[in-house]
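Contents: one structure, followed by commentary.
Throughout, protein chains are lettered first and strands after them, A, B, ... in sequence-line order, and every chain is numbered starting at 1.
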Number of protein chains: 2
Amino acid sequence: MSANRVKAVYLIETPYTLERAAEVIAGEQSTGTFTAVPGETDLLKEKHAARVESIEELEAAGVPTLPGSKTPQGHDGRYRRGLVTVSFPLHNFGPSIPNLMSAVAGNLYELQELSGIRLVDLELPDDFAARYPGPKFGIEGTRRLTGVYGRPILGTIVKPSIGLAMEDLQRMITDVSAAGLDFIKDDELNANPPYAPLELKVKSVMEAVERAADATGKKIMYAFNITGDIEEMKRNHDLVVKASGNCVMVSILSVGLAGLAHLNSYSEVPIHGHRNQWGMLTRCPMLGIEFAAYQKLCRLAGADHLHVNGLNSKFYESNESVVRSIEACTAPMYGGYAAMPVVSSAQWAGTAPATYAATKTVDVMHLAGGGILAHPAGPAAGFESMKLGWEAAVKGIPLEEYAELHPSLKQAIAKYGNGKG
Amino acid sequence: MSANRVKAVYLIETPYTLERAAEVIAGEQSTGTFTAVPGETDLLKEKHAARVESIEELEAAGVPTLPGSKTPQGHDGRYRRGLVTVSFPLHNFGPSIPNLMSAVAGNLYELQELSGIRLVDLELPDDFAARYPGPKFGIEGTRRLTGVYGRPILGTIVKPSIGLAMEDLQRMITDVSAAGLDFIKDDELNANPPYAPLELKVKSVMEAVERAADATGKKIMYAFNITGDIEEMKRNHDLVVKASGNCVMVSILSVGLAGLAHLNSYSEVPIHGHRNQWGMLTRCPMLGIEFAAYQKLCRLAGADHLHVNGLNSKFYESNESVVRSIEACTAPMYGGYAAMPVVSSAQWAGTAPATYAATKTVDVMHLAGGGILAHPAGPAAGFESMKLGWEAAVKGIPLEEYAELHPSLKQAIAKYGNGKG
């Protein structure tokens with residue numbers, strides 16, 4: 001591909017031919033009005049038109065997925081599906097994530113010529129790397145700050161997610177630090193609420209973190225949820241850094257990719273990227289965006305950690321899709337931009353083997369709420385069971401077999417595994 | 001409703017009972033983990049739990065709309081649909097749009113208990129009004145700046161949207177100003193691209209605008225697309241204001257609601273809110289957000305103008321849905337927050353009567369690209385035909401009848417109306 005073009009791959013469904021639909025997509029995102037206007041010269045089109053690069057036909061559907069498509073005269077009742085690659089001249093919008101989105105997504109989702117459209121991949125020229133420096137810490141920086149090598153970073157989430165009193169939160173940090181955990185994060189529902197202002201929380205949490213670090217010799221990484229309005233986020237970030245905090249978290253869809261990039265312009269600690277609301281953009285298989293495309297934008301904008309759900313989670317997403325997300329996040333971009341995939345939701349020791357078998361990487365964060373905290377023998381045993389789950393996975397030893405040697409793992413299987421492990 | 005609760009209305013589809021699904025929604029957005037954890041006391045739940053306020057059953061479906069739902073034992077094969085109202089204590093997150101979204105949207109779209117979920121309305125306590133001042137100009141301020149009363153603000157879009165040379169753009173402004181237009185905007189595809197840097201565009205455009213204003217006595221409102229990264233937007237805005245520009249435009253989904261609210265914190269001219277990418281969030285009828293809910297957030301965050309598509313547009317959206325959007329945008333919030341709905345896409349004089357008949361308001365911007373610029377007798381006749389279309393609509397005179405007295409309207413019907421008008 002020419003170095004000065006953006007390439008976007010779409011999964012589409014159309015009552016027209018794929019060729020016609022692809023041309024409409026390319027046209028809509030260059031000169032787009034319903035009747036020819038003066039000034040639309042051939043030279044201008046040559047310089048600025050989006051171009052259909054390739055079309056791969058897939059099996060057609062008998063009914064339209066999305067409402068509102070029109071049909072051509074003599075429509076045969078089939079809705080053709082295919083993968084369409086369209087390239088856009090970078091100079092149409094420049095290396096700007098916000099304006100890239102207006103070009104590669106823009107009005108496309110509303111076209112009558114389509115009964116389905118999903119952005120499944122993006123290829124971006126190097127100019128984006130020059131403008132967006134990406135994660136400052138990524139996998140390596142997070143390992144350096146936590147001192148964890150050779151296995152996933154293991155952690156948990158503050159629970160209950162809402163309403164915990166400061167002294168209970170402090171006790172929890174003391175407990176999970178004593179248990180040896182690497183990481184703990186605020187729930188996405190809990191940022192800077194009136195009943196627990198972030199300023200107070202930072203003070204309380206960091207007191208507990210430092211005190212526990214003095215006792216154990218290991219400072220847990222705490223991701224403070226600083227999600228908020230643009231200037232509030234800066235204040236929140238500064239509060240965390242001033243108190244020697246070592247991680248901030250944002251709900252990426254709440255602050256926007258522009259908000260994330262702005263945070264990354266001044267951040268001094270890793271950015272833990274939560275993707276709540278993401279389902280809205282992806283659960284309809286013929287609409288929205290595939291995470292493989294979206295995660296590139298999150299990494300460009302500076303996410304050091306990036307949530308991807310987990311295998312066998314409580315959510316709708318298939319394991320195959322979760323695995324694709326982990327692989328996408330760990331594939332290099334511009335030779336770098338490493339972000340750590342965060343595997344979470346209904347996780348416990350027993351989800352480690354399948355995760356490792358499918359991805360062959362330990363460069364993930366693996367978070368368990370109940371899966372650590374509600375372990376029958378306490379959080380320390382919960383943490384140990386998680387480590388053992390990964391050990392078994394990497395060594396290729398069946399979990400039940402490994403559990404025979406390790407009571408904490410055996411207890412975890414008994415509690416969470418329904419006998420399956 | 002209690003003044004300190006946020007109320008969210010969802011259209012849901014579920015293989016479970018509506019009651020069970022509603023409880024899962026409320027639960028997920030308060031303590032949410034897959035196994036009970038210590039500290040989740042009854043007192044805490046009472047203070048912080050989301051509450052199911054009402055359930056209205058609709059007709060069930062025989063197949064699930066979205067993939068990945070699980071079914072209860074003995075599932076009868078029906079996917080129940082209904083409107084579910086859930087209220088959230090405001091103190092769980094405070095009057096913060098980003099954190100509101102994590103609460104009312106959050107992980108809900110990924111739940112296995114649902115095969116469809118769409119946020120259809122939001123009711124927000126006054127505390128949001130105290131934090132977000134909303135549009136500084138709105139309908140009244142836009143009328144004051146343009147000097148247009150008693151009819152819609154009529155305008156057009158710079159076309160071709162990409163690649164126009166500065167001298168051609170200047171000529172276009174001269175032409176549309178001479179034609180008497182009230183308003184012109186950049187295309188959403190064109191913000192600050194390398195081939196036409198905003199700084200140069202602002203200079204060129206404002207030269208032409210001021211020169212035309214000297215000649216005609218009326219200064220056209222030009223919405224400069226300043227979409228970009230957070231600090232770039234501030235620089236772009238300041239460029240426009242310094243050059244005596246009178247409007248800025250942003251792609252709301254590109255900059256995020258947080259980006260929009262930030263712009264509104266310093267903006268000195270009306271903010272023209274473009275909603276490209278919106279289809280992604282709304283085209284699947286059982287997923288995403290209904291515009292009636294989303295437009296409230298846009299207005300809170302400060303959009304003075306808000307795109308709503310148009311009747312009989314080139315897009316998939318039904319006329320009924322467009323009408324609902326116009327009505328939603330013009331309904332008062334907190335007794336104010338007036339934003340002007342922007343009706344556009346394949347518009348011309350002939351779309352005025354249906355728009356007025358359905359909405360009974362002239363408080364809209366009505367934009368036509370080809371519908372004005374490609375009028376057979378030129379842009380002045382195109383503009384005149386648009387005014388005549390609205391005159392006929394308000395007077396209740398059939399368009400064809402009015403066209404008998406007005407050649408520009410007759411020509412418009414001949415060109416764009418396919419004889420129907």
Selection from [options] maximising heavy-atom pairs under 4.5 Å formed with chain B:
options	result
A/S102, A/S251, A/P194	A/S102
A/G228, A/A105, A/A49	A/G228
A/G163, A/G256, A/G259, A/G288	A/G163
A/G279, A/A261, A/G94, A/S265	A/G279
A/P98, A/P89, A/G68, A/P95	A/P98
A/T65, A/L108, A/L114	A/L114

message: At a 4.5 Å cut-off on heavy atoms, which part of B/R171 comes close to chain A: side chain, backbone, both, or neither?
response: neither

- prompt: chain A heavy atoms under 4.5 Å from B/S313: which part of the residue, side chain, backbone, both or neither?
  reply: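 Just the backbone, heavy atoms under 4.5 Å.
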
To the nearest 0.5 Å, tell me how far [X] [atom1] sits from [Y] [atom2].
X	Y	atom1	atom2	answer
B/N276	A/E28	CG	CD	10.0 Å
A/E110	B/R283	CD	CZ	8.0 Å
B/K70	A/K314	NZ	NZ	10.0 Å
B/I162	A/L44	CD1	CG	8.5 Å
A/I230	B/L257	CD1	CG	10.5 Å
A/L281	B/Y109	CG	OH	9.5 Å

query: Most heavy-atom pairs under 4.5 angstrom with chain A, which of B/M172, B/M101, B/M286, B/H48?
result: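 Most heavy-atom pairs under 4.5 Å with chain A: B/H48.
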
query: Most heavy-atom pairs under 4.5 angstrom with chain A, which of B/G106, B/A301, B/C284?
result: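 With the most close heavy-atom pairs to chain A, the winner is B/G106.
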
Looking only at non-hydrogen atoms, find the nearest pair between [X] and [Y] and report the distance.
X	Y	result
A/P67	B/Y316	O-CD1, 3.7 Å
A/N107	B/H274	OD1-CE1, 4.2 Å
B/V255	A/A258	O-CB, 4.1 Å

Side chain, backbone, both or neither of [X] within contact of chain B (heavy atoms, under 4.5 Å):
X	answer
A/Y132	side chain
A/N309	side chain
A/D168	neither
A/L287	side chain
A/S115	backbone
A/S318	neither

- request: Determine the interplanar angle of the B/H91 and A/Y195 rings, folded into 0 to 90°, and report it as parallel if under 30°, tilted if 30 to 60°, perpendicular if over 60°.
  value: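 Perpendicular, since the angle between the ring planes exceeds 60°.
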
query: Does the side chain of A/D229 come within less than 4.5 Å of B/R131's, by heavy atoms?
result: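 In short, these two side chains touch, coming nearer than 4.5 Å.
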
